[in-house]
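Comments concern the structure below.
Below, each value reflects all heavy atoms present in this structure, side chains not excepted, and no hydrogens, waters or symmetry copies. Residue numbers begin at 1 in each chain, while the letters A, B, ... track the order of the sequences. Worth saying up front: this structure is predicted, and the values here are computed from it rather than measured.
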Amino acid sequence: MQSLRGTKDILPQEIHGWHIVEDRIRYITSLYGYRELRNPIMEYTEVFKRAVGEDTDIVGKEMYTFPDRGGDSITLRPEATAAVVRSAIQHNLTAQQQIARVYYSGPFFRYERPQKGRQRQFHQFGCELLGASSPEADIEILTLAHDFLESLGIKSRELHINTLATPEIRQLFKQELISYFTAHLSDLSEDSQSRLQSNPLRILDSKHPGDKALSANAPRMQDMLDTESKDHFSKVLSHLDSLSIPYTVNPLLVRGLDYYSHTVFEFTSTALGAQDALGGGGRYDHLFEHFGGKHTPSIGFAFGIERLLLAMSAQESISEAPKPEIYVIGFESEESRRAVISCAHALRTLSGKQVIVDVQNRSLKAQMKEADKLGVKQVVIIGPEEALHDTCIVKDLSTGMQHTKLMTELHNMFS
RNA sequence: GCGGGUGUAGCUCAGUGGUAGAGCAGCGGUUUGUGGCUCCGCUGGCCGCGGGUUCAAUUCCCGUCACUCGCCCCA
């Protein structure tokens with residue numbers, strides 16, 4: 001028996017990093033007034049098909065989709081935004097021109113070949129700012145993401161940013177691209193040829209050398225921007241400038257999901273290998289309408305938690321897990337063992353410190369060894385002698401100093 | 001979905017056509033009530049799984065599963 005391919009057990013010895021990240025998630029989101037939204041991990045397949053787009057890789061080949069017992073087509077969520085929007089509409093989270101600031105964190109599923117930084121079940125943390133179309137909304141999301149990465153101490157990273165303008169402009173741009181690439185059809189990779197009609201934007205961020213060469217000279221969205229798009233984008237950039245958040249405008253950044261418009265961005269890290277995206281996001285002004293909701297311009301981002309942890313451990317910025325503080329040792333006599341149990345219990349309740357006790361009836365020596373290995377600061381020894389006199393020996397493991405104390409004195413030390 | 005690499009003790013890895021070793025870790029002793037450093041000893045392995053070749057396979061061949069790196073794409 002073993003875990004499914006591409007799924008991982010997160011073991012006690014590695015949980016500390018997760019707790020750090022989860023702690024930062026709660027802290028940073030709270031600074032910005034974002035509240036958690038917990039959606040189910042499965043939805044009707046239609047939710048993702050409609051939001052993400054039929055021609056995207058996610059929907060085309062990566063979804064965990066299956067019929068349930070009632071015959072409905074169910075999908076394990078491959079991303080969050082679609083479900084957040086579905087949920088926002090269903091519960092009217094943006095009623096009466098209100099905006100909603102939400103975040104989420106949890107497991108997601110994509111049926112792909114695993115590799116470094118890619119699993120079939122992985123975890124994402126993301127934020128969505130629903131109902132605001134201003135560049136200031138974009139900046140709030142970007143700075144939140146920036147602050148989050150900073151607080152985790154992730155250094156070797158870059159922010160790439162681009163604008164996809166309005167759907168109308170993008171439609172025009174697509175036509176331009178199609179005619180440009182069609183003129184060079186034979187130089188295109190097979191993948192790109194098949195995408196040419198359905199999703200020509202995607203050819204732009206292909207890593208295929210031939211495609212790259214063609215893309216470098218392809219028509220540019222920048223040259224076709226309307227004043228509104230141009231204005232929006234330049235405001236976002238100037239805000240980034242004044243906040244001293246470094247970025248690179250990358251005209252080839254298009255992102256793999258259909259629902260984006262205007263600002264799109266991606267955080268990459270050199271610590272990651274081939275899957276170098278820590279996370280990304282963008283503006284989706286028309287997704288609510290796709291679901292039959294009212295016009296609700298929105299923007300959000302998502303980070304891959306496993307990738308954050310990879311980047312953090314690559315630069316060794318994960319702090320050490322806290323160590324237990326007290327080890328209470330007893331041995332040989334029944335009285336000794338009994339005294340240990342009640343002493344440990346009292347210390348935990350009085351001091352709130354982590355107190356470890358041997359549960360294998362091992363020797364004094366063995367328990368001392370374990371205390372040392374665990375890195376505890378203090379050891380309390382209640383041997384048969386001490387148990388008879390209601391005393392104990394308190395030993396500091398770093399100095400080796402030890403003193404005999406009455407049990408009542410010990411309790412006073414920690415209360 | 002496609003290509004490369006790997007799969008031997010808890011971990012990191014050596015190794016040979018005649019069913020296996022090291023270091024670290026663990027446990028015990030050196031110290032008959034005291035950890036860390038020595039030194040000594042011990043425990044521990046269907047050599048990923050299935051099949052084939054062979055007198056004999058952990059070693060060679062095929063398949064399979066998993067991991068891993070890359071492609072595609074994304075977190």
Whole-Å distance, A/L11 CG to B/C11 C1', equals 13 Å
Rounded to whole Å, CD of A/E112 lies from P of B/G70 at a distance of 14 Å
Keeping A/R170 on the side-chain end and A/Y260 on the backbone end, is there a donor-acceptor pair under 3.5 Å? yes
The reported gap from CG in A/D285 to CD1 in A/I299 (rounded to nearest 0.5 angstrom) is 8.5 Å
TODO: Looking at every strand, decide which applies to A/E386 at a 4.0 Å heavy-atom threshold: base, sugar-phosphate, or nothing.
DONE: base
To the nearest angstrom, the CG-C1' distance between A/L278 and B/C73 comes to 17 Å
What's the gap between B/U12 and B/C67 when it is taken at their P atoms, as a whole Å value? 15 Å
Taking the C1' atom in each of B/U16 and B/U8, what is the distance between them to the nearest angstrom? 12 Å
d(A/T81 OG1, A/Q124 CD) to nearest 0.5 Å is 8.0 Å
The reported gap from SG in A/C343 to CD1 in A/I329 (rounded to nearest 0.5 angstrom) is 11.5 Å
* How far, in whole Å, is B/G36 from B/C24 if one measures between their P atoms? -> 15 Å
With the side chain defined as heavy atoms from C-beta on, A/K395 is closest, among B/G35, B/G33, B/C73, to B/G35
Worksheet item: Looking at A/R362, does any N or O in its side chain come under 4.0 Å of the phosphate oxygens OP1/OP2 on B/C27?
Response: yes
| said: Quick check on A/Y64: does its OH atom have over 12 non-hydrogen neighbours (other residues, nucleotides or ligands) under 6.0 Å away? | reply: yes
query: With sugar-phosphate meaning primed atoms plus P, OP1 and OP2, does A/D276 contact a base, only sugar-phosphate, or nothing at under 4.0 Å between heavy atoms?
result: base
Taking a pair to mean Watson-Crick or G-U wobble geometry with both distances below 3.5 Å, B/G23 pairs with B/C11
task = May I ask you to decide whether A/D358 forms a salt bridge with A/R337, counting only side-chain N to carboxylate O separations under 4.0 Å?
result = yes
Side-chain atoms of A/I381 come closest, of B/G33, B/C73, B/C2, to B/G33
query = B/U68 and B/U34: how far apart are their C1' atoms, nearest whole angstrom?
reply = 46 Å
### Task
Write down the distance separating the P atoms in B/C42 and B/G23, rounded off to the nearest Å.
12 Å
Between CE of A/M401 and P of B/G35 the distance, given in whole Å, is 18 Å
If stacking means aromatic ring centre less than 5.5 angstrom from the base's six-membered ring centre, planes under 30°, is A/F303 stacked on B/A75? no
Counting only side-chain N and O atoms of A/K8, is one of them less than 4.0 Å from OP1 or OP2 of B/U68?
yes
Between CZ of A/R307 and P of B/A75 the distance, given in whole Å, is 8 Å
**Item:** Under-3.5 Å donor-acceptor pair between A/D372 side chain and B/G35 base
**Value:** yes
- Message: Is the distance from the ring center of A/F301 to that of A/F303 below 6.0 Å?
- Response: yes
Practice problem: Could you work out the separation of B/G50 and B/U58 based on their C1' atoms and round it to a whole Å? | Solution: 15 Å
Does A/K365 place a side-chain N or O at less than 4.0 Å from the phosphate oxygens OP1/OP2 of B/G35? yes
Taken to the nearest 0.5 Å, the spacing of A/L76 CG from A/M42 CE works out to 7.5 Å
Using Watson-Crick geometry (N1-N3 plus N6-O4 or O6-N4) or G-U wobble (N1-O2, O6-N3), each under 3.5 Å, B/G33 is paired with none
Could you give the distance separating B/C13 and B/U6 at their C1' atoms, to the nearest angstrom?
13 Å
Re B/C67: Watson-Crick or G-U wobble partner, both distances kept under 3.5 Å, found to be B/G5
Notebook entry, point to check: Hey, does A/I393 reach any base, or is it just sugar-phosphate, or nothing, if we go heavy atoms under 4.0 Å?
Noted result: base
**OP:** Give A/G126 one of three labels, base, sugar-phosphate or nothing, depending on what nucleic acid heavy atoms sit under 4.0 Å from its own.
**Re:** nothing
Q.
I'd like to know if A/Q367 reaches the base of B/U34 with its side chain such that a donor and an acceptor end up less than 3.5 angstrom apart.
A. no
Between A/K373 and A/L4, the residue closer to the 5' end of RNA chain B by nearest nucleotide is A/K373
From CZ of A/F331 across to P of B/U34 the rounded distance in Å is 8 Å
Please work out if A/G6 contacts a base, only the sugar-phosphate, or nothing of the nucleic acid, heavy-atom cut-off 4.0 Å. sugar-phosphate
Here the gap from A/R24 atom CZ to A/M312 atom CE, rounded to the nearest 0.5 Å, amounts to 10.0 Å
Would you say B/U68 has OP1 or OP2 under 4.0 Å from some side-chain N or O of A/Q115? no
C1' atoms of B/G44 and B/C27, separation to the nearest Å
11 Å
For this session: For A/Q119, report the nucleic acid contact type (base, sugar-phosphate, nothing); a contact means any heavy atom under 4.0 Å.
Result: base
Winner on side-chain proximity to A/K116, out of B/G28, B/A75, B/C69, is B/C69
A/E385 CD to B/U32 C1', in whole Å, measures 15 Å
Here the distance between atom C1' of B/G36 and atom CE of A/M368, to the nearest Å, is 9 Å
Worksheet entry | Sugar-phosphate, base or nothing in reach of A/R118, heavy atoms under 4.0 Å | base
5'-most contact on RNA chain B (nearest-nucleotide basis), A/G383 vs A/R113, goes to A/R113
Q.
Check the phosphate of B/C67 against A/R5, side-chain N and O only, distance under 4.0 Å to OP1 or OP2. Yes or no?
A. yes
When both distances are under 3.5 Å in a Watson-Crick or G-U wobble arrangement, the nucleotide paired with B/C60 is B/G52
Mate of B/U16 across any strand shown (Watson-Crick or G-U wobble, both atom pairs under 3.5 Å) is none
